[in-house]
Structure formats: structure tokens, C-alpha cells
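Take a look at the structure set out below.
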Amino acid sequence: MSPAFRAMDVEPRAKGILLEPFVHQVGGHSCVLRFNETTLCKPLVPREHQFYETLPAEMRRFTPQYKGVVSVRFEEDEDRNLCLIAYPLKGDHGTADSVDNSDCEPKSKLVRWTNKKHHVLEMEKTPKDWVRQHWKEEKMKSHKLEEEFEWLKKSEVLYYSLEKKGNVSSQLKHYNPWSMKCHQQQLQRMKENAKHRNQYKFILLENLTSRYEVPCVLDLKMGTRQHGDDASEEKAANQIRKCQQSTSAVIGVRVCGMQVYQAGSGQLMFMNKYHGRKLSVQGFKEALFQFFHNGRYLRRELLGPVLKKLAELKAVLERQESYRFYSSSLLVIYDGKERPEVALDSDAEDLEDLSEESADESAGAYAYKPIGASSVDVRMIDFAHTTCRLYGEDSVVHEGQDAGYIFGLQSLIDIVTEISEEGGE
């Protein structure tokens with residue numbers, strides 16, 4: 001059993017794992033938390049839990065690895081900061097056996113939430129010089145920093161200029177407004193229910209971004225229908241309207257969120273689902289182009305591997321009978337931190353002092369390239385409304401393929417192919 005949980009029955013408070021915000025969440029409304037470097041957790045939804053425990057073997061490489069279930073509760077420290085803590089389920093120590101907790105830090109070093117009235121997230125404080133860079137002095141005088149965060153969370157597309165010479169990955173955690181919004185809402189929900197309940201089940205899943213230094217993440221809502229069979233009339237009507245008013249109805253896919261680091265310009269860009277709903281088909285294509293652009297040129301070497309994985313996923317789903325992946329998303333992930341590739345005739349001594357600046361100045365000798373084609377990932381996520389004939393309690397049983405999802409995949413393949421074949425940079 002994992003050392004972090006071995007003494008749970010003796011010292012539960014001392015051995016719990018404090019959950020951090022997952023800063024690379026770009027879409028969805030369910031809060032995703034960082035359990036450790038390679039593992040995330042999110043609130044357990046029975047239907048999604050059932051999906052992960054019964055999914056076909058050939059689909060596993062297109063979904064995050066499922067690692068079990070933990071119990072989560074929030075605890076208040078002496079400063080009234082609320083901390084979300086994960087423990088093994090009572091009487092069930094096996095769920096954490098496969099989770100490596102060696103990188104979990106002591107509680108005192110981890111991020112905390114605050115329940116003070118106007119605070120958002122009490123992470124490392126966002127530098128005031130960064131705020132001044134993006135806002136006029138007179139606006140800073142009339143608004144508090146917390147109010148600026150509220151504005152950021154409502155903005156649909158945001159650009160930030162990062163320090164290119166600094167640690168880009170460490171800067172990322174300050175800027176994701178969607179992640180902050182989801183965490184704040186989750187904590188508020190748990191706080192409101194505290195009198196009746198302070199223990200929740202969360203599922204543990206693979207952190208798909210863990211092997212990337214600067215993850216670029218695209219969250220796509222797939223299919224022509226989003227509401228589940230158990231949705232109320234009001235919910236179904238609302239989801240149908242969203243599909244009809246977006247690219248979902250036309251091409252079976254829409255942008256649900258995006259995080260892109262453009263190394264060429266040193267800019268970080270976020271796009272949320274509200275902007276994604278407004279995009280036309282041409283706007284959707286332009287958003288995909290932007291996702292694969294590094295600020296100087298299109299990352300064409302990524303497109304082939306993405307197309308290959310999309311085609312493989314489509315073939316797998318065409319073989320699945322009865323599944324319907326309503327409201328499911330598809331993630332596309334690659335590393336925005338590009339690595340220099342040295343020419344074959346370069347001397348070994350030249351490698352020691354190679355930097356982004358020198359490589360940029362000697363474009364004839366060096367070319368930028370990501371870690372490799374295999375670093376591009378394509379995965380299905382979010383299965384809270386998935387159904388299949390295996391789920392015996394469902395009143396509606398579907399036959400054949402999920403035509404809406406497969407239609408969206410084909411549209412995505414066609415659009416990425418168009419981008420790949422066009423000559424513009």
C-alpha cells in the first residue's frame with residue numbers, strides 16, 4: 001500500500017493528501033484537482049465511474065487511466081483557510097494502492113483555498129507588477145485585485161505576455177481564469193452543504209498533462225447531441241439550443257476551452273466555452289489553426305500525428321455497439337515548449353551555450369521542434385452522461401454506433417486536413 005495512506009486508521013489528519021488546483025483545466029464545469037504529479041481527481045458521478053470500470057479494452061488508450069476512488073472533505077485551519085483533503089475510502093485501502101504519492105508535499109507547502117468573503121484563490125499572490133502591465137493605473141486605483149480576477153473569469157479570450165527567459169511552466173499557474181472559477185464554485189458548493197455533508201467521493205484519473213513542460217490543451221465538445229437520456233425537459237431544451245446555436249449542429253464539434261503558449265511571441269492565450277459557442281464553422285477552423293500556431297509559424301509536424309490518432313479513435317468507436325457519449329469532450333494536448341534540434345554538422349561544444357536567442361539568430365543551423373510526434377495526445381474525457389446497454393438500469397437502450405460523435409470526429413479530421421494542406425503560415 002502507498003506510504004501516504006498506510007496509517008490512515010491511526011492518524012487520518014496527518015496522512016491525508018491536500019489537493020491542489022489543477023491549473024491546466026480549460027473546460028467543463030466539474031472541478032478537477034491535482035492529487036499528485038501524475039494523478040488528478042474529480043467528483044465521482046456514478047455513471048462516469050461505471051464507464052471507467054467497464055470500458056472496452058481497445059478504448060483505454062483513448063481515455064485517461066482510471067486509478068480508483070478516494071474520500072475528500074474540506075478542513076479549516078487556524079486562519080480559517082479551507083483545505084480539501086483526500087483520504088482512502090473507509091474500509092477500502094485498495095483503491096490507492098496503484099497511486100504513487102511520493103511527490104506529495106506536506107500540507108504546509110501546498111496551495112490552500114480561503115473562505116473569506118471576497119477572496120478568489122489564495123495561491124502564490126499574483127504579482128501586482130503583472131496586473132499593472134495589463135491594466136491602466138486609474139483602473140487599478142478604483143478596483144481591488146479580487147475584482148480584477150472576477151473580470152478575468154468573465155472574459156472569453158485572454159492573452160498574457162510571459163517572461164520568455166523565466167520558467168514558463170511556473171508562470172502558467174497564475175493565469176488560468178477557468179481553473180480558478182471551477183475551484184471557487186466547487187468549494188462554495190461543498191461549503192454550502194457542510195451542515196449536512198462533509199465527505200465526498202472523488203475518482204482518481206491519470207494527469208494527461210504531466211509529461212509536458214508547457215501543456216497546450218484543446219477541449220472539444222463532441223457530438224450533435226449533448227443532453228443525456230435522463231435529462232429534464234428544461235435541461236434537454238437548453239442543451240439542444242446550445243447545439244443549434246453553435247457548430248455542434250453543423251459539424252458535430254465545438255470549442256469548449258483552449259490554452260495555448262505561443263513560444264514565438266511569448267504569449268499565453270485562453271479561450272473559454274462561451275466564446276467557443278459563438279464561433280462559426282470558419283471561426284472554428286481559425287481557432288484550430290491558432291491552437292497549432294506557435295506565434296511564428298504553424299506547427300505542421302503536429303498535424304500528421306493528430307490526424308492519425310483521430311482516425312484510429314474513429315475506427316475504435318465505429319466498433320462500439322450501443323455507446324452514446326453525450327456531453328463528452330475530446331482533449332488534444334502537446335508541449336508548447338519547443339526543443340532545439342541541432343544540425344548534424346554542429347560541434348559538440350556548440351551545444352553547451354545553445355539558447356532560444358542563439359538558435360533564433362542562427363536559423364540556418366538550427367530548427368525548433370517539439371519533443372517528438374509521440375508527444376501529441378488525443379483522449380476522450382467526461383463521461384457523466386454516457387450510456388450503454390451494459391448499464392442495466394437505463395430506461396433507454398441505444399443500438400449501433402454513436403453517429404453524432406463519429407460525425408464530429410470526421411469533421412475534425414477534415415478540418416485538420418485542410419489546415420495541413422493549406423500553404424499559409
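In what follows, residues are counted from 1 in the order of the sequence shown.
- Between the Gln401 side chain and the Glu318 main chain, a donor and an acceptor come within less than 3.5 Å of each other.
- The closest side-chain heavy-atom distance from Val416 to Leu288 is below 4.5 Å.
- At distances below 3.5 Å, not a single donor-acceptor pair connects side-chain atoms of Ser420 with backbone N or O atoms of Leu303.
- Electrostatic pairing of Asp382 and Lys221 does not count as a salt bridge here, judged by no charged N lying under 4.0 Å from a carboxylate O.
- Side-chain atoms of Arg277 never come within 3.5 Å of backbone atoms of Val255 as a donor-acceptor pair (strictly under, hydrogens ignored).
- Phe383 and Ser328 get closest at one heavy-atom pair: CE2-OG, 3.8 Å.
- Of the possible polar contacts, one joining the Ser322 side chain to the His398 backbone as a donor-acceptor pair under 3.5 Å is found.
- The existence of a salt bridge linking Arg61 and Glu58 is excluded, since no basic side-chain nitrogen approaches an acidic carboxylate oxygen closer than 4.0 Å.
- Note that the NE2 atom of His293 and the CZ atom of Arg300 stand 9.0 Å from one another [nearest 0.5 Å].
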What donor-acceptor contacts under 3.5 angstrom involve side-chain atoms of residues 231-245, with partners at least two apart or in another chain?
| unit_1 | atom_1 | unit_2 | atom_2 | d |
| --- | --- | --- | --- | --- |
| Ser232 | OG | Lys235 | N | 3.1 |
| Asn238 | OD1 | Arg241 | NH2 | 2.3 |

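- The two residues Gly408 and Val253 have their closest heavy-atom pair at O-CG1, 4.1 Å.
- Put simply, OG1 on Thr63 and CG on Leu208 are 9.0 Å apart, with the number rounded to the nearest 0.5 Å.
- Side-chain atoms of Gln226 come within 3.5 Å of backbone N or O of Met222 as a donor-acceptor pair.
- The CD1 atom of Ile17 sits 8.0 Å away from atom CG of Asn36, with the distance rounded to the nearest 0.5 Å.
- The minimum heavy-atom distance linking Ser71 with Pro88 is given by the pair CB-O, 4.2 Å.
- Figure legend: Arg225 and Tyr326 shown as a cation-pi pair, the cationic atom lying under 6.0 angstrom from the six-membered ring centre and within 45 degrees of its axis.
- Between the Glu321 side chain and the Gly400 main chain, a donor and an acceptor come within less than 3.5 Å of each other.
- Here the NE2 atom belonging to His49 is positioned 8.0 Å from the NZ atom belonging to Lys201, to the nearest 0.5 angstrom.
- A 4.5 Å side-chain heavy-atom check between Met380 and Leu317 finds at least one atom pair inside the cut-off.
- Between Arg254 and Ser248, the side chains place a donor N or O and an acceptor N or O closer than 3.5 Å (distance only, hydrogens not considered).
- In this structure a side-chain-to-backbone donor-acceptor pair under 3.5 Å is present from Ser280 to Gly283.
- Looking at Tyr212 and Val217, their side chains never come closer than 4.5 Å, going by heavy atoms from C-beta outward.
- The main-chain N or O of His24 is never found under 3.5 Å from a side-chain atom of Gln259 such that the two would form a donor-acceptor pair.
- Leu330 has its side chain within reach of Leu310: a pair of non-hydrogen atoms, C-beta onward, lies under 4.5 Å apart.
- Note: Phe74 and Tyr200 fail the aromatic proximity criterion, with ring centroids not under 6.0 Å apart.
- Partners of Phe202 by ring-ring contact (aromatic ring centres under 6.0 Å, His included), not counting sequence neighbours: none found.
- Listed for the Asp394 side chain is no donor-acceptor partner under 3.5 Å among the backbone atoms of Val397.
- The closest side-chain heavy-atom distance from Met271 to Met269 is below 4.5 Å.
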Practice problem: For side chain to side chain contact (heavy atoms under 4.5 Å, CB included), just list the numbers for Gln320 and Asp402, CA-CA rounded to whole Å, side-chain angles, deciding distance to a tenth of an Å, and then say yes or no. | Solution: CA-CA 8 Å; Gln320 306 310 312; Asp402 187 340; over 6 Å; no

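- Below 30°, between 30° and 60°, or above 60°: for Tyr334 and Phe291 the angle between ring planes is above 60°, a perpendicular geometry.
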Exercise. Quick one: do Val378 and Glu312 satisfy side chain to side chain contact (heavy atoms under 4.5 Å, CB included)? Show the steps, please.
Key: CA-CA 10 Å; Val378 175; Glu312 291 171 347; over 6 Å; no

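- Within the 4.5 Å cutoff, the side chain of Pro64 has heavy atoms near those of the Ile381 side chain.
- Inter-residue side-chain proximity for Gln290 and Val260 is flagged as unmet; no heavy-atom pair is nearer than 4.5 Å.
- Of all non-hydrogen atoms in Tyr66 and Glu53, the two that sit nearest each other are OH-OE2, 3.3 Å.
- Distance check, rounded to the nearest 0.5 Å: CG of Leu40 to CG of Leu205 gives 7.0 Å.
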Exercise. I would like to know whether Val306 and Val332 meet side chain to side chain contact (heavy atoms under 4.5 Å, CB included); could you show each step before the answer?
Key: CA-CA 8 Å; Val306 168; Val332 181; 4.2 Å; yes

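- Using a distance-only test at 3.5 Å, with no hydrogens or angles considered, a donor-acceptor pair links the side chain of Arg47 to the main chain of Thr386.
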Quiz prompt | Chi angles and distances behind the side chain to side chain contact (heavy atoms under 4.5 Å, CB included) call for Asn272, Phe270 | solution = CA-CA 7 Å; Asn272 69 23; Phe270 293 102; over 6 Å; no

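- For the ring-ring contact (aromatic ring centres under 6.0 Å, His included) test, residues two or more places apart in sequence or in another chain that qualify with Phe325 are Tyr323, Tyr405.
- Of all heavy-atom pairs between Ile415 and Lys285, the closest is CG2-CG, 3.8 Å.
- Atom CG in Leu84 sits 9.5 Å away from atom CD in Glu75 (nearest 0.5 Å).
- At least one side-chain heavy atom of Leu19 sits under 4.5 Å from a side-chain heavy atom of Phe35.
- Here the closest non-hydrogen pair linking Ile251 and Ser411 is O-OG, 2.8 Å.
- Salt bridge Arg299/Asp335: absent, no basic N to carboxylate O contact under 4.0 Å.
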